[in-house]
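The first residue in the sequence is number 1, and the count goes up from there.
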Amino acid sequence: MSLLPASLQKTFSRDFTASIVVFLVAMPLCMGIAVASGVPPEKGLITGIIGGIVVGFLAGSPLQVSGPAAGLAVIVFELVQQHGISALGPILALAGAIQFVAGVFKLGGWFRAISPAVVHGMLAGIGALIVAGQFHVLFDAKPLPNGLANLSAMPGRLLGLTPWSASAAEAAFFIGVITIAAMLVWEKVRPQSLRLVPGALVGVVAGTLVSMLISFDIARVSVPASIIAAVVPPDQTFVGMIMNPAIVVTALAIAFIASAETLLSAAAVDRMHDGVRTDYDKELRAQGVGNLLCGFAGALPMTGVIVRSSANVQAGALTRASAIMHGVWILGFVALLPWLLQTIPMAALGGILVVTGFRLVSVSHVRHLFHNHGILPAAIWAATFVMVVATDLLTGVLVGLGLSLVELVPHARRLNLRVLRKDEGNSSELQLTGAATFVTLPKLSNALDAVSKDRKLTLDIKRVPAIDHTVAEMLGEWIKRRRAGGMTIEVDGHPAQLKRIEV
């Protein structure tokens, strides 16, 4: 006789299995992102534990998994270089408080209005910087202080290799290449029965085994014997740092970028399943609590992470229990088997991050923007990407957001989108009048979500003179998701409008 209630018996087995898969995906990424951020690996593990157990309980997105994100590795690396690792705690505590307050005041929906060109340009820039930085870790060397320096030093690293040499640099590079090759080959040839075994895990195991079999003298992961020893509680300088204007600006940047990445990831996860939709404000509050705790523990910042979340959905998770249990597994593994983590070569983690960073540079997305929405969104993507790589993350995002405002100029007098809903029997009609831009996206999104899935919907956009790419992508995704769920939707508009939203 089962000890679980009947309602839990139906979901527990699938959530349990999914939690193991997510745990196997998360472990190498937690450590690798910490290394990319310029901090010890255990900092990433603490964030993964908090993201799983605490944020899992509080989350507004039932299948999203939170933890340290590659998207914040660059900004954390820079702030550690400038202010020292002790500044992480105050910055994250302040960023978490900002996120929580934003959730209380129901600002979560506004983050969905950020131009996809800006978000993907930012992620592409971050990916390029991670590749450039972690390339040096492949040689057992430390990344240089900024992206351009890392990029310019890459040819010298390769040309400095001495074939068949047994030095640490050559050995580490060999392990890094083995890790990357094992990861990529596994993802191409893995049998269907083992499809849930993540490539990152296979890569790390392969690199570690080769390094042990050949006894290479290379740098390995260093973690404390007790995870409690890695927790750095606030000291007497904590409050003083929070009052520092530079710390406040950095906290605002982290809060903004982490919130945008989390909520856009949540929207992507919603498209992967037919279950409960994300409560964006609740998710923002949960992330705020998580980052506040990470600040008090001196750990890394967290976001909702699409890699772990997609693995969660694909593994068949049904509730938040899978995310919570994955955090428990990380805690148990770190507490009971720290010696096993200490066998992992740093170059293997560098190899995992090189692949992760490369995948963030999605050239297909900029092609999609250009072909479907024209030159301006593609230019916004390119400008954001270049500025993130050439300057810093915050400057790149601000430049992208500034350029997004250019899309509003031709429609300055028609920015007040009116949404009229008419219900008749089992049918509804939404009639839109005015320019549909990112400024009015939260209003339009709320109106669409208020329509029951059981009703037939006619969406009349004939009186919409312009649809920017942010709204066009939101509309197209919403319509595809609702139709996949069995809802009947008719869109009444001009051929150019229908092509723009891809229906």
Practice problem: Hey, could you give me the CG/CD1 distance between Leu448 and Ile489, rounded to the nearest 0.5 Å? | Solution: 8.5 Å
Quiz item: Can you tell me if Glu407 and Thr437 form a side-chain donor-acceptor pair at under 3.5 Å?
Solution: no
Quiz item: Side chains of Val232 and Phe296: does their closest heavy-atom pair fall under 4.5 Å?
Solution: no
Practice problem: May I ask you to decide if Ile306's main-chain N or O and Ser310's side chain share a donor-acceptor pair within less than 3.5 Å? | Solution: yes
Quiz prompt | Test item: Arg463 side-chain N/O and Ile461 main-chain N/O as donor-acceptor pair under 3.5 Å | solution = no
Quiz item: Can Leu29 and Thr356 be said to form a side chain to side chain contact (heavy atoms under 4.5 Å, CB included), step by step?
Solution: CA-CA 9 Å; Leu29 288 178; Thr356 302; 3.9 Å; yes
Quiz item: Do you see a donor-acceptor pair shorter than 3.5 Å between the side chains of Gln64 and Ser265?
Solution: yes
Quiz prompt | Backbone N/O of Ala323 and side chain of His326: donor-acceptor pair under 3.5 Å | solution = yes
Quiz item: Are side-chain heavy atoms of Val313 and Val269 found at a separation under 4.5 Å?
Solution: yes
Quiz item: Quick one: does Arg418's side chain have a donor or acceptor within less than 3.5 Å of a partner on Thr433's backbone?
Solution: no
Quiz item: Do Asp492 and Leu459 have side chains that get closer than 4.5 Å, going by heavy atoms?
Solution: no
Quiz prompt | Asn291 side chain vs Met302 backbone, donor-acceptor pair below 3.5 Å | solution = yes
Quiz prompt | Over all atoms of both residues, closest heavy-atom pair of Val55 and Ser66 | solution = CG1-OG, 3.6 Å
Exercise. Would you check, one step at a time, whether the test side chain to side chain contact (heavy atoms under 4.5 Å, CB included) holds for Val389 with Leu151?
Key: CA-CA 10 Å; Val389 173; Leu151 285 168; 3.8 Å; yes
Practice problem: Could you grab the distance from atom CG of Leu107 to atom OH of Tyr280, nearest 0.5 Å is fine? | Solution: 15.0 Å
Practice problem: Taking atom types as modelled, find out whether Ser309 and Asn312 have a side-chain donor-acceptor pair closer than 3.5 angstrom. | Solution: no
Quiz item: Closest heavy-atom contact between Thr391 and Glu78?
Solution: O-OE2, 4.4 Å
Quiz item: Are any side-chain N or O atoms of Thr262 and backbone N or O atoms of Gly304, one a donor and one an acceptor, separated by less than 3.5 Å?
Solution: yes
Self-check item: Ring geometry between Phe139 and Phe173 (parallel below 30°, tilted from 30 to 60°, perpendicular above 60°)
Solution: parallel
Quiz prompt | Side chain to side chain, Met474 and Leu444, heavy atoms closer than 4.5 Å | solution = yes
Quiz item: Is the side chain of Ser152 donor-acceptor paired with the backbone N or O of Leu148 at a distance under 3.5 Å, no angle test?
Solution: yes
Quiz item: So, Arg481 and Asp270, do they make that salt bridge, N to O below 4.0 Å?
Solution: no
Quiz item: Heavy-atom count around Lys462 NZ within 6.0 Å, excluding the residue itself: above 12?
Solution: yes
Practice problem: State, to 0.1 Å, how close Met346 and Val137 come at their nearest heavy-atom pair, and which atoms those are. | Solution: O-CG1, 3.6 Å
Self-check item: Shortest non-hydrogen separation from Met241 to Ser86 and the atoms involved
Solution: CE-OG, 3.4 Å
Practice problem: Fit a plane to each ring of His120 and His365, take the angle between them on a 0 to 90° scale, and name the class: parallel (under 30°), tilted (30 to 60°) or perpendicular (over 60°). | Solution: parallel
Quiz item: What closest approach, in Å, do Val397 and Met122 show between heavy atoms, and which atom pair accounts for it?
Solution: CG2-SD, 3.6 Å
Quiz item: Heavy atoms, side chains only, cut-off 4.5 Å: are Arg500 and Asn372 in contact?
Solution: no
Quiz prompt | Polar side-chain atom of Thr47 near backbone of Leu300 as donor-acceptor pair, under 3.5 Å | solution = yes
Quiz prompt | Sub-4.5 Å side-chain heavy-atom contact between His373 and Asp468 | solution = no
Quiz prompt | Shortest non-hydrogen contact between Ala447 and Val419, atoms and distance | solution = CB-CG1, 3.8 Å
Self-check item: Spacing of CG belonging to Leu24 relative to CZ belonging to Arg308, to within rounding of 0.5 Å
Solution: 12.5 Å
Self-check item: Any donor-acceptor N/O pair, Asn150 side chain to Leu144 backbone, under 3.5 Å
Solution: yes
Quiz item: Leu292 versus Leu92: any side-chain heavy-atom pair under 4.5 Å?
Solution: no
Practice problem: Anything under 30° is parallel, anything over 60° is perpendicular, the rest tilted; go ahead and classify Phe385 against Trp381. | Solution: parallel
Self-check item: Separation between OG1 of Thr179 and CG of Leu353, rounded to the nearest 0.5 Å
Solution: 11.5 Å
Quiz item: Would you say the side-chain atoms of Gln287 and Glu283 include a donor-acceptor pair closer than 3.5 Å?
Solution: yes
Self-check item: Reported CD1-to-CD1 distance for the pair Ile175 and Ile178, which is rounded to 0.5 angstrom
Solution: 6.5 Å
Practice problem: Run the numbers on Leu201 and Trp186 for side chain to side chain contact (heavy atoms under 4.5 Å, CB included), then give the verdict. | Solution: CA-CA 10 Å; Leu201 177 68; Trp186 174 256; over 6 Å; no
Quiz item: Is the shortest distance from a Lys or Arg side-chain nitrogen in Arg483 or Glu477 to a carboxylate oxygen in the other one below 4.0 Å?
Solution: no
Practice problem: Given side chain to side chain contact (heavy atoms under 4.5 Å, CB included), test Ile352 with Met183 step by step and report yes or no. | Solution: CA-CA 8 Å; Ile352 296 300; Met183 180 178 179; 3.6 Å; yes
Exercise. Look up atom CG in Leu58 and atom CD1 in Ile53, then write down how far apart they are to the nearest 0.5 Å.
Key: 12.0 Å
Quiz item: Distance-only, no hydrogens or angles: does the Lys106 side chain make a donor-acceptor pair with backbone N or O of Asp281 under 3.5 Å?
Solution: no
Quiz prompt | Close side-chain approach of Gln99 and Arg285, heavy atoms under 4.5 Å | solution = no
